[in-house]
Amino acid sequence: MACRISELVIDCADPDGLAAFWSKVLGYVELEREDDGSIAIGPADAGFGGPQPTLVLSPSSAPRTGKLRLHIDVNATDRDQDAELERLLALGARPVDVGQTGAESWHVLADPEGNEFCLLHTRLQPLCGDPARDPRT
């Protein structure tokens, strides 16, 4: 028996804003709002427990200190890396320098609250069964 990642929880100052950003980046929809202001987003067709983890944007007023110890990597599914970089920048991501040399095949970016994530080079196939992303269905 093994475990599977079902959720990633991100503490943030503006759950609504970050939920909107990550929903556009990942093609997710809002799944649920909690009384504490947390917002869960995930794939429309699968929701919680599907093949992709949901993101929970949890309100926090605590300041972030230092570099994140865990970050998200994303890959384009329907365009090349350059086109996806343009799309992410237009959504509000910004380039971040974490000491990369410039020779990397990935781009280091930050979401609107400064959380680092990487856009990797390899284009991935969309998940089967997602009609919005998979032309085979």
Side-chain angles (χ1 to χ4, degrees):
M1 219 17 108
C3 289
R4 192 166 57 113
I5 295 173
S6 58
E7 293 181 337
L8 298 172
V9 180
I10 302 172
D11 289 346
C12 57
D14 179 12
D16 281 301
L18 222 49
F21 173 79
W22 282 106
S23 289
K24 291 174 188 169
V25 169
L26 299 171
Y28 278 14
V29 297
E30 184 176 313
L31 300 173
E32 170 177 29
R33 285 182 180 252
E34 296 290 332
D35 291 339
D36 70 354
S38 295
I39 301 171
I41 62 172
D45 62 331
F48 177 80
Q52 296 173 281
T54 58
L55 294 182
V56 177
L57 296 307
S58 181
S60 175
S61 59
R64 189 180 112 199
T65 58
K67 183 178 181 250
L68 293 175
R69 297 188 81 178
L70 174 72
H71 69 266
I72 297 172
D73 288 343
V74 298
N75 296 71
T77 59
D78 62 350
R79 62 198 65 158
D80 67 24
Q81 184 188 40
D82 290 338
E84 184 63 1
L85 177 61
E86 284 183 39
R87 185 181 82 88
L88 295 175
L89 294 172
L91 291 174
R94 65 182 193 284
V96 176
D97 183 356
V98 295
Q100 60 269 39
T101 66
E104 294 83 5
S105 62
W106 62 86
H107 296 277
V108 182
L109 303 168
D111 70 17
E113 289 204 9
N115 300 304
E116 297 93 359
F117 69 99
C118 294
L119 171 60
L120 304 183
H121 184 265
T122 303
R123 183 174 163 180
L124 297 180
Q125 291 295 317
L127 292 175
C128 291
D130 184 351
R133 297 186 189 127
D134 189 350
R136 298 172 290 178
T137 58

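Residues take their numbers from the sequence shown, with the count starting at 1.
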Are [X] and [Y] joined in one hydrophobic group, where the rule is that I, L, V, M, F, W and Y side chains link up if heavy atoms are under 4.5 Å apart?
| X | Y | answer |
| --- | --- | --- |
| Tyr28 | Ile72 | yes |
| Ile41 | Val29 | no |
| Leu89 | Trp22 | yes |
| Ile5 | Leu26 | yes |
| Val108 | Leu91 | no |

Separation of [Y] [atom2] from [X] [atom1] (nearest 0.5 Å):
| X | Y | atom1 | atom2 | value |
| --- | --- | --- | --- | --- |
| Leu57 | Leu8 | CG | CG | 10.5 Å |
| Ser58 | Glu34 | OG | CD | 9.5 Å |
| Ser38 | Asp11 | OG | CG | 8.5 Å |
| Asp73 | Trp106 | CG | CH2 | 9.0 Å |
| Asn75 | Glu84 | CG | CD | 9.5 Å |
| Ser60 | Asp36 | OG | CG | 11.0 Å |

Between [X] and [Y], which heavy-atom pair has the shortest distance, and what is it?
| X | Y | answer |
| --- | --- | --- |
| Glu30 | Ile39 | CG-CG2, 3.8 Å |
| Arg79 | Ala76 | O-CB, 3.2 Å |
| Arg4 | Pro51 | NH1-CA, 3.7 Å |
| Gly99 | Asp97 | N-OD1, 2.7 Å |
| Phe21 | Gly92 | CE1-C, 4.1 Å |

**Prompt:** What do the steps show when you test Leu109 against Val74 for side chain to side chain contact (heavy atoms under 4.5 Å, CB included), and what is the final call?
**Reply:** CA-CA 11 Å; Leu109 303 168; Val74 298; over 6 Å; no

Please set out all donor-acceptor pairs under 3.5 angstrom arising from side-chain atoms of residues 113-121, sequence neighbours excluded.
| unit_1 | atom_1 | unit_2 | atom_2 | d |
| --- | --- | --- | --- | --- |
| Glu113 | OE1 | Ala13 | N | 2.9 |
| Glu113 | OE2 | Ala13 | N | 3.2 |
| Glu113 | OE2 | Asp14 | N | 2.7 |
| Asn115 | ND2 | Asp111 | OD1 | 3.3 |
| Asn115 | ND2 | Asp111 | OD2 | 3.0 |
| Glu116 | OE2 | Arg64 | NH2 | 3.1 |

**Asked** If only atom types and distance count, is the side chain of Ser6 paired as donor or acceptor with the main-chain N or O of Thr54 below 3.5 Å?
**Response** no

